[in-house]
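Taking it in order: structure first as structure tokens, then the write-up.
On a predicted model such as this, the values are computed, not experimentally measured, just so you know. In the text below, chain A, chain B and the rest are named by the order of the sequence lines, each starting its count at 1.
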Amino acid sequence: MQMPTPIRAPTWVSRRRHFEQKLWDLDKCKDINQLKQMQALVYKSNLQQDPFIAPKSIAAFSLCRQMDSALIVFSQVRDPNVHLYNAMIRAHIYNSQPSQAFATFFNMQCCGIFPDNFTFSFLLKGCSGKCWLSVVSMIHTHVVKWGFDEDIYVPNSLIDAYSKCGLVGVRAAAELFRGMKERDVVSWNSMISALLRVGDLSEARKLFDEMPRRDRVSWNTMLDGYTKAEQMSVAFELFETMPQRDVVSWSTMVSGYCKAGDLEMARMLFDKMPEKNLVTWTIMISGYAEKGLVKEAIGLYIRMEEAGLRLDVAAFVSILAACAESGMLSLGKRVHDTIERSMYKCNTLVCNALIDMYAKSGCLHKAYKVFNGLKKRDLVSWNAMIHGLAMHGHGKKALELFFRMKQEGFMPDKVTLVGILCACNHTGLVDEGIIYFYSMEKDYGVVPEVEHYGCLIDLLGRGGYVKEAFELARKMPLEPNVKIWGSVLGACRMHKAVELADDVCNLLDKLEPKNAGKLSALSNIYASAGDWDNVAIIRLMMKSIGRPKQSGASLLVLNDEYREFTVMDKSHAKSDKIYQMVDRIGQHLKLLSPVTAGLCDE
DNA sequence: CTAGGGTTAG
């Protein structure tokens, strides 16, 4: 059979077709080298102004974190249309530059280009956090005024954005949701996830039961709500009744059991599930690492590598964070090896997680090595390093680094200042700490939060200003938390201020009566002052409450072996020798520094 | 003629 002769298009059309086909997926290009090749093609065929190609180029550069290049593409287009502006706004949001995104948004209106429904969806993606509430509600007003809420995507985006703005935002989202003329599954799902974000499980469940049609996202969202609330029995019930289970459902359950500390159940489901992906493996390994189960964590990590899975940024960061929490250096180092051999060895997010892991595990040299080798340091890198130094008593070095970061043009944020106050605290620099605290708002625009007050109160207390610490805790403009009262009580104990401790406990009794934890703190204070009558009374009170506080345990890692011990623990065979040694160390410390003296009274 | 947006697990 003879094929009909095709009618040939003019050469220039087919050439264009040819290039367009090659550039079809330009906007999905994540690899910078491939992107450079494609850009060469764009310029060679003179398509850089093409209204179809230019937004794709911007999207690609934004994916590859090349905002400079994205901006060049944008500026080269003579008459930008809505599409191009939208692409640029989306690029800024994707690269966490919401202020630039809004600048572009205002700019387009100045140029007489009207925003469309897409513009608002993109902008809303960047509004996350309490401080954005007013912006979101302003966008809401605009949206209603211009009638963009006809498009279901826009109110759905609004619900999502509102729900990230705290409790007030969720209320606004609920109001919007109630007023919607028509809702689709996504509207319902977004509203349920909003309610779960603020912990309103019952209201979320009500919507879940009410909604006309549930898809797998609805079930998985509700499932996650129960696991996050550690209601594993309800979660399991839901898991068994849901019409279909996918990887997300199984992974959610595994994650829930890990968080609840039931690693056996988690592993059972992990082994049983029909399909696993990178996220599943990450959850299970992090679960083991967080709980300090070295053999299991490393064993599974090796198995994952053997299975040929390539870790991504989130996987690296999650596992390293888990290692940091339990101080699991052995796995952390292994992950570091993998990173060195991967394309992420220069990735700032990954390196920040490494710095934090090494710093929290006490390997400050290694942390510093990663920090020094990092080409593109961000605020988080500096904060992690400063905090690491501060935590381990290198307050002077932490402060030096603080000066260096300012020299290099970084603006300290609230986290940095917690680190700085912590550095002063752990180095006994009382005066410096006080100065930093009272000038942080003026110098860095950081309004002190509870954490900062906690540092200052701890600092005052340790430095012997127990009365001042107590007064500050009582008069501070924010609600003091348990940690704050804990440090005041700790200071009372350290400096044997029994009467003051009494005052603290009386105050606490009014706020939160019958708290066994505080009573035991008070009993410790009487004990260290030798007031045994009062100790006996308190112990009796604790008994009558009938809720003996579970004693806290300390964890020690030696050669990958974990040893847990509690106060007055005599379970170890050589405990006598150990206590003798602790005593000697204590004597030694007392001679060295008056600040640490109070720490070794027991 | 052609695309681009919202919800779930680390």
B/dG5 phosphate, OP1 or OP2: any side-chain N/O from A/K125 under 4.0 angstrom? no
Just call it for A/T221: base, sugar-phosphate, or nothing, with non-hydrogen atoms closer than 4.0 Å on any strand. sugar-phosphate
Please state whether the base of B/dA9 and the side chain of A/N277 form at least one donor-acceptor pair under 3.5 Å? yes
Measure CG/A/L84 against C1'/B/dA3 and give the value in whole Å, please. 13 Å
Checking B/dT8, B/dA9, B/dA3 against the side chain of A/F52 (C-beta onward), the nearest is B/dA3
Using a 4.0 Å heavy-atom cut-off across all strands, classify A/T282 as base, sugar-phosphate, or nothing. base
Checking ring-ring contact (aromatic ring centres under 6.0 Å, His included) between A/W188 and each of A/F177, A/W219, A/F208, which is the one that passes? A/F177
In whole angstrom, give the distance that lies between atom NZ of A/K164 and atom C1' of B/dG6. 10 Å
Closest to side chain of A/S121, choosing from B/dG5, B/dG6, B/dG10: B/dG5
Taking B/dG10, B/dG6, B/dT8 as options, the one with an atom nearest any side-chain atom of A/V279 is B/dG10
Any salt bridge linking A/R341 with A/D337? Criterion: basic side-chain nitrogen under 4.0 Å from a carboxylate oxygen. no
Check the distance between B/dG10's C1' and A/I283's CD1 and give it to me in whole angstrom. 5 Å
Any luck finding a side-chain donor-acceptor pair between A/T221 and A/N189 under 3.5 Å? no
Which one, B/dG10, B/dG5, B/dT7, comes nearest to the side chain of A/F122? B/dG5
So A/L278, base contact, sugar-phosphate only, or nothing? Heavy-atom distance under 4.0 Å. base
Whole-Å distance between B/dT7 P and A/L124 CG? 11 Å
Using distance alone, with no hydrogens and no angle criterion, decide if A/N220 and A/S249 have a side-chain donor and acceptor under 3.5 Å apart. yes
Can you find a donor-acceptor pair, distance only, under 3.5 Å between A/N189 side chain and B/dG6 base? no
Check the distance between B/dG10's P and A/E290's CD and give it to me in whole angstrom. 11 Å
With heavy atoms under 4.0 Å as the rule, sort A/N117 into base, sugar-phosphate or nothing. base
Below 3.5 Å, does any donor atom in the side chain of A/D312 face an acceptor in the base of B/dG10, or the other way round? yes
Send over the distance from A/K291 NZ to B/dG10 P, rounded to a whole Å. 14 Å
Show every donor-acceptor pair shorter than 3.5 Å between a side-chain atom in residues 135-149 of chain A and any protein atom, with sequence neighbours excluded, or say none if there are none.
unit_1	atom_1	unit_2	atom_2	d
A/S137	OG	A/S134	O	3.1
A/H140	ND1	A/Y162	OH	2.9
A/T141	OG1	A/S137	O	2.8

Taking CD1 from A/I152 and P from B/dT7, how many angstroms apart are they, rounded to a whole number? 14 Å
Please report the distance, rounded to the nearest Å, between CG in A/D246 and C1' in B/dT8. 8 Å
Using a heavy-atom cut-off of 4.0 Å across all strands, would you classify A/S318 as base, sugar-phosphate, or nothing? sugar-phosphate
Would you say A/E340 has more than 12 foreign heavy atoms packed within less than 6.0 Å of its CD? yes
State whether the aromatic ring of A/Y153 stacks on the base of B/dG6, taking stacking to mean ring centres under 5.5 Å apart and ring planes under 30° to each other. no
